[in-house]
Amino acid sequence: MGYEYNYDIAGYDFGWDVKAGRFTFEGQDAVLFWISSAMKTFFDTIEEISGEEASNLVFESTGFRQGLVVGQYFEKMKEVNVAEAADMITNTYATAGWGLTIIKDLDFETKTFTAFMKDSWEHKVNVAQGKKKGGSFLPAHYAGVFSGLFGTNIWYKIKQHQLEGHEQSVIEYFPSDVTIADNIHQLARKKESEQIRKLEGLVEEKTAELKELVNKLSSPIIPVLEGIVVVPLIGKYEEDRADQLIVNTLNRLPSYKASYLVLDLTGMDQEIGPHAVSLIEKIGSAARLIGTKTILVGISSTLGIEITQSNINLSKFDCFQTLQHGIHYAIGQMGRKII
């Protein structure tokens, strides 16, 4: 029983060496796949992994580069002109199951033409996938073929897809500066920009959350005794943080019915700026407007120097060295004492 078979179909050679597991087309190793199952699965997998936009570029780039190899091969056949090469290529593809492609309006001077494609393998894959829009592999493939034949970069524009309900797909081809490499780099930059924007958004979101948490934790209102609350000032206060503290404190003070607000300055940052000094004066003056007296405790030498050098007058507030002294003073002013 024989294992080798060769057939001539429309002038093209097909061969099988079953024992060796080899299939050839025009003397070259080839492979056969079922379109609506194996090829569909191949396309589906690429799209699932890469995403729609990236996979479209993969198919387009692959189609173009494969076509470029074919076009450059036929361009070297000096006895064959572009029109003859185009017929040979489309006929070869037809016998290989690529569908029917007819090249029309081929203009050698402008290097333009129109391709009419019907029932291509890519169309059949797209139908099996249930898509509404045709693919870019074959349109780009013929752009690559004629880029090789013409010796100049050819690109395409899809006028209509068979998948959209037309009898055939119609693609126009023309010289262009568009290149596959540029498209790949453009997509890479786009993906990179999208990722940067996502990271920036995440950073902004987390920064806002952290800032809110710091505002809540760094300067809490602590009710120590009836009518007396303590607000410890911690860290460094720039304008935004200072304003936020004033608003939060004044909004919450009435709920404590506080007669005395003790500002504990022990934990303030050593690098004390003008906003910090202004904060002390503002929060004390504002508290007085709602009937709460302010006591300052824990003023460091650095803060004392900063206050002295500023134009802000804090002499209207009672000052004590420690928090304990300040609380004892407030208790005494309220006519009470600790037993």
Side-chain angles (χ1 to χ4, degrees), residues 25 28 30-36 38-75 82 85-86 88-103 106 111-129 131 133-164 168-188:
F25 176 60
Q28 298 291 323
V31 64
L32 298 176
F33 285 105
W34 285 287
I35 290 175
S36 60
M39 287 296 291
K40 173 185 177 297
T41 301
F42 176 72
F43 272 53
D44 286 343
T45 303
I46 292 178
E47 292 175 356
E48 181 181 355
I49 295 173
S50 304
E52 182 178 356
E53 186 174 14
S55 61
N56 286 339
L57 183 56
V58 168
F59 298 140
E60 183 179 67
S61 301
T62 304
F64 181 89
R65 288 173 174 171
Q66 286 185 352
L68 189 61
V69 172
V70 174
Q72 290 173 342
Y73 171 80
F74 278 91
E75 192 274 334
V82 173
M88 292 175 63
I89 292 169
T90 54
N91 289 336
T92 301
Y93 286 177
T95 59
W98 281 46
L100 178 63
T101 300
I102 299 176
I103 305 299
L106 183 60
K111 295 180 173 58
T112 57
F113 65 95
T114 302
F116 296 81
M117 303 180 190
K118 185 175 183 179
D119 296 334
S120 69
W121 62 261
E122 185 175 27
H123 168 72
K124 294 174 182 177
V125 169
N126 293 155
V127 170
Q129 291 178 303
K131 289 192 172 182
K133 183 179 179 180
S136 57
F137 183 96
L138 283 177
H141 182 79
Y142 280 101
V145 168
F146 281 86
S147 291
L149 290 176
F150 284 134
T152 189
N153 195 73
I154 302 296
W155 202 240
Y156 68 94
K157 180 178 181 180
I158 298 173
K159 302 297 292 184
Q160 66 182 43
H161 265 303
Q162 183 179 354
L163 198 64
E164 298 166 348
Q168 56 194 350
S169 297
V170 179
I171 302 97
E172 293 181 348
Y173 292 85
F174 45 85
S176 174
D177 294 331
V178 175
T179 67
I180 288 298
D182 288 342
N183 289 347
I184 293 174
H185 293 157
Q186 183 178 354
L187 178 62

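Note that the coordinates shown come from a computational prediction; the quantities given were computed from them, not determined experimentally.
If you take CD1 on Ile154 and CZ on Phe113, they are separated by 7.0 Å, rounding to the nearest 0.5 Å. The CD1 atom of Ile158 sits 7.0 Å away from atom OG of Ser136, with the distance rounded to the nearest 0.5 Å. Separation of atoms CE (Met117) and CH2 (Trp98) is listed at 10.0 Å; rounding is to 0.5 Å. We find the OG-CZ distance between Ser147 and Phe64 to be 3.5 Å, quoted to the nearest 0.5 Å. Once rounded to the nearest 0.5 Å, the distance linking CD of Gln162 with CZ of Phe116 reads 13.0 Å.
Among residues two or more places apart in sequence or in another chain, the ring pair (Phe, Tyr, Trp, His ring centres under 6.0 Å) test is passed with Phe150 by Phe146.
Shown here for Leu68 and Gly148, the closest heavy-atom pair between the two residues is CD1-N, 3.7 Å. Pairing each heavy atom of Ala128 with each of Lys40, the nearest pair is O-CE, 3.1 Å. Closest heavy-atom contact between Ser50 and Ala54: O-CB, 3.3 Å. The nearest pair of heavy atoms linking Phe33 to Ala38 is CD2-CB, 4.0 Å.
Using modelled atom types, no side-chain atom of Tyr173 and backbone atom of Lys111 make a donor-acceptor pair closer than 3.5 Å. In this structure, the side chain of Asn153 does not engage the main chain of Asp177 through any donor-acceptor pair within 3.5 Å. Remark: the backbone N or O of Lys133 is not paired with any side-chain donor or acceptor of Glu164 at under 3.5 angstrom. With hydrogens and angles ignored, the 3.5 Å screen pairs a side-chain donor or acceptor of Thr95 with a backbone N or O of Thr92. Ser55 places a side-chain N or O within 3.5 Å of a backbone atom of Glu52 that can act as its donor or acceptor partner.
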* Asked: Would Trp121 and Phe137 satisfy ring pair (Phe, Tyr, Trp, His ring centres under 6.0 Å), going step by step from the backbone distance to the final call?
  -> CA-CA 10 Å; Trp121 62 261; Phe137 183 96; 5.2 Å; yes
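Contacts classified as salt bridge (Lys or Arg N to Asp or Glu O under 4.0 Å) and involving residues 112-129 (residues at least two apart or in different chains) are given here: Lys118-Glu167.
Proximity of Tyr93 to Leu138: side-chain heavy atoms (C-beta onward) are nowhere separated by under 4.5 Å. By the 4.5 Å heavy-atom criterion applied to side chains, Lys131 and Glu47 are counted as neighbours.
Side-chain contact check for Asn126 and Gln129: at least one donor-acceptor pair (N or O, by modelled atom type) lies under 3.5 Å.
Ring geometry, Phe43 versus Phe59: the interplanar angle falls under 30°, so the pair is classed parallel (tilted spans 30 to 60°).
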